[in-house]
There are 2 protein chains.
Amino acid sequence: MMDAMYQLPPRRTYHHGDLRQALLDAGIALARVGGPEAVVLREATRRAGVVPNAAYRHFANRQALLQAVRAAALAALATAMEKERARQRRGKHGVDAARASLRAIGTAYLRFARTEPGLFRTAFGVPGDPETTAHPAMAGKSGLNPFQLLSTALDELVQADLLPKKRRPDAEYVAWSAVHGLAMLVLEGPLRRLPRTQIRGIEQRLLAMVEKGL
Amino acid sequence: MMDAMYQLPPRRTYHHGDLRQALLDAGIALARVGGPEAVVLREATRRAGVVPNAAYRHFANRQALLQAVRAAALAALATAMEKERARQRRGKHGVDAARASLRAIGTAYLRFARTEPGLFRTAFGVPGDPETTAHPAMAGKSGLNPFQLLSTALDELVQADLLPKKRRPDAEYVAWSAVHGLAMLVLEGPLRRLPRTQIRGIEQRLLAMVEKGL
DNA sequence: GGCGCAATGTATACACCGTCCACACCAAGC
DNA sequence: GCTTGGTGTGGACGGTGTATACATTGCGCC
């Protein structure tokens with residue numbers, strides 16, 4: 001129905017040229033609108049102007065395509081974090097800069113969940129494997145993925161003497177948990193209907209709790 | 001294949017007798033094993049020994065069945081929380097009892113995620129509506145659903161002067177976020193592979209952060 | 001006690017999905 | 001220029017959710 005809008009004019013060449021990327025782009029577009037369950041092989045091939053089975057030349061199966069989309073979503077989040085960190089650190093030094101880094105990571109995370117719910121759910125709602133292991137496909141400009149960006153922010157905190165070295169181990173898990181949980185509640189939990197201003201307040205309070213309670 | 005094991009002997013009566021409940025039970029069984037995406041209408045009807053369309057006499061569509069399963073999962077969690085609270089409060093009074101209540105809620109939540117991952121994902125991985133509104137289908141013996149149980153625990157905390165009245169509003173959201181986020185990370189995030197003992201440590205630390213940082 | 005209706009279960013059918021297999025095309029290298 | 005292997009096509013199968021029409025039967029009313 002509405003999907004027909006995405007129908008392409010028939011290709012003139014037998015070979016597509018860059019089908020893998022086209023399928024990935026289509027998958028990302030689908031995920032943005034409908035989350036992971038909307039990443040449908042056949043629809044992606046339709047949008048690429050190609051027969052369903054062509055996808056199997058580039059992805060082992062639907063799951064593989066979904067993982068690729070997920071990696072792209074993580075990369076987008078990483079990039080957003082890097083930008084926000086650069087913005088918040090502007091003109092700050094030492095202790096203030098370290099604190100700003102952590103805030104920026106959390107803020108960017110929560111904003112990403114709000115502004116790109118489909119990609120966010122794709123990034124974290126799919127049992128995909130590794131956030132700990134590095135893989136350029138899910139990293140930002142710095143080569144670090146979201147989880148690693150948080151880790152470095154915590155390292156900064158230690159260096160600035162804002163976090164005792166003793167409490168550094170596993171701190172990323174605790175911090176991540178808090179922010180991630182809130183994002184989920186806002187996205188598809190009981191906080192969905194709350195006015196944005198109240199949500200912002202809760203976000204600030206949560207970030208404060210993390211800073212204080214870590 | 002393996003599902004054939006659940007095939008029932010053919011019914012002798014034309015009417016099933018309690019099909020709605022049978023479908024719900026089948027749905028719960030499916031969710032326990034495979035999470036929300038495993039709650040498949042046709043398979044549920046198969047297990048109930050009935051033709052696929054029969055389900056539509058009792059549920060508007062697959063989504064409706066899934067919501068019913070979700071409500072049951074929430075009810076199971078609520079019951080687990082009530083039990084754990086009763087256990088931890090045994091012999092305690094006043095301040096200690098209040099603190100125990102909150103701990104129990106968090107502990108039960110995290111354990112439920114670990115021991116019933118399928119139901120947990122069904123309860124919280126599906127964009128279902130209301131955790132705030134009361135509905136007996138998702139409540140435990142006390143008639144309160146998980147979210148409301150947390151709220152009452154926080155009220156206790158205020159009464160015991162462990163939480164300043166001023167910080168009471170929205171506290172449930174912050175506390176819930178932290179615990180919920182950790183549960184998700186353990187279930188399908190980067191913490192999946194960690195040894196159980198380390199996870200327990202992180203759980204304890206997170207609960208401590210909540211108590212302290214609230 | 002029997003009748004009729006509404007509730008419940010069945011039969012058939014459609015569109016969509018992921019995926020397998022055999023085949024068609026075509027670009028690049030010997 | 002012929003082969004070969006990578007890429008896209010065609011057709012098919014079994015699975016899913018769901019609509020529409022039909023069969024059966026328990027229950028309430030006379």
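Bear in mind that the values here come from a model prediction, so they are computed numbers and not experimental data. Just so it is clear: chains get the letters A, B, ... in the order the sequence lines come, proteins before strands, and each one is counted from 1.
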Please list, pair by pair, any protein nitrogen or oxygen found under 3.5 Å from a nitrogen or oxygen in nucleotides 23-27 of chain C.
| residue | atom | partner | partner atom | Å |
| --- | --- | --- | --- | --- |
| dA24(C) | N3 | Tyr14(A) | OH | 3.1 |

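- In this structure, Gln21(A) atom CD and dT7(D) atom P are separated by 15 Å, rounded to whole Å.
- Taking side-chain N and O atoms only, Arg46(B) has a distance below 4.0 Å to OP1 or OP2 of dT16(D).
- With sequence neighbours left out, Ala104(A) forms a side-chain contact (heavy atoms from CB on, under 4.5 Å) with Glu84(A), Arg85(A), Gln88(A).
- With sequence neighbours left out, Arg62(B) forms a salt bridge (Lys or Arg N to Asp or Glu O under 4.0 Å) with no residue at all.
- In this structure, Tyr173(B) has its ring center closer than 6.0 angstrom to the ring center of Phe147(B).
- Looking at residues two or more places apart in sequence or on another chain, you find no side-chain contact (heavy atoms from CB on, under 4.5 Å) involving Ala38(B).
- Legend: residues meeting side-chain hydrogen bond (donor to acceptor under 3.5 Å, both in side chains) with Gln21(A), ordered by chain and number and at least two apart, are Asp25(A).
- Remark: Asp18(B) pairs with no residue by the side-chain hydrogen bond (donor to acceptor under 3.5 Å, both in side chains) rule, at least two apart or across chains.
- Looking at heavy-atom distances under 4.0 Å, Val50(B) makes contact with sugar-phosphate atoms alone, never a base.
- Among residues at least two apart or in separate chains, there is no salt bridge (Lys or Arg N to Asp or Glu O under 4.0 Å) pair with a member in residues 143-152 of chain B.
- Atom CG in Asp18(B) sits about 15 Å away from atom P in dG26(D), given to the nearest Å.
- Residues that satisfy the side-chain contact (heavy atoms from CB on, under 4.5 Å) test with Ala183(B), not counting sequence neighbours, are Tyr109(B), Leu110(B), Ala113(B), Phe120(B).
- Following rounding to the nearest Å, Phe59(A) (CZ) and dT7(D) (P) show an atom-to-atom distance of 12 Å.
- Salt bridge status for Arg99(B) with Glu156(B): absent, with no side-chain N to carboxylate O gap under 4.0 Å.
- Applying the 4.0 Å criterion to OP1 and OP2 of dG9(C), one finds that His58(B) has a side-chain N or O inside that range.
- Glu43(B) has its CD atom 14 Å from the C1' atom of dG14(D), to the nearest Å.
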Is there any protein nitrogen or oxygen under 3.5 Å from a nitrogen or oxygen in nucleotides 19-21 of chain C, and what are the pairs?
| residue | atom | partner | partner atom | Å |
| --- | --- | --- | --- | --- |
| dT19(C) | OP2 | Tyr56(A) | OH | 3.1 |
| dT19(C) | OP2 | Arg62(A) | N | 2.8 |
| dT19(C) | O5' | Tyr56(A) | OH | 3.1 |
| dT19(C) | O4 | Arg42(A) | NH1 | 3.3 |
| dC20(C) | N4 | Asn53(A) | OD1 | 2.5 |
| dC20(C) | N4 | Asn53(A) | ND2 | 2.3 |
| dC21(C) | N4 | Asn53(A) | ND2 | 3.4 |

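- Taking Ala78(B) as the reference, Pro146(B), Leu149(B) meet the side-chain contact (heavy atoms from CB on, under 4.5 Å) condition, with sequence neighbours excluded.
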Can you give me every donor-acceptor pair (side chain of residues 203-214 of chain B, partner residue at least two apart or in another chain, under 3.5 Å) with its distance?
| residue | atom | partner | partner atom | Å |
| --- | --- | --- | --- | --- |
| Glu203(B) | OE1 | Arg114(B) | NH2 | 3.3 |
| Glu203(B) | OE2 | Arg114(B) | NE | 3.3 |
| Glu203(B) | OE2 | Arg114(B) | NH2 | 3.4 |
| Gln204(B) | OE1 | Arg103(B) | NH1 | 2.7 |
| Arg205(B) | NH1 | Arg167(A) | O | 3.3 |
| Arg205(B) | NH1 | Pro169(A) | O | 2.7 |
| Arg205(B) | NH2 | Arg167(A) | O | 2.6 |
| Arg205(B) | NH2 | Leu214(A) | O | 3.2 |
| Glu211(B) | OE2 | Arg103(B) | NE | 2.8 |

Given pairs defined as Watson-Crick or G-U wobble with both distances under 3.5 Å, what dot-bracket annotation applies to DNA chain D, with ( ) intrastrand, [ ] crossing, | other strand and . unpaired? ||||||||||||||||||||||||||||||
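- When each of dG18(C), dG9(C), dT10(C) is scored by its nearest atom to the side-chain atoms of Leu19(B), the top-ranked nucleotide is dG9(C).
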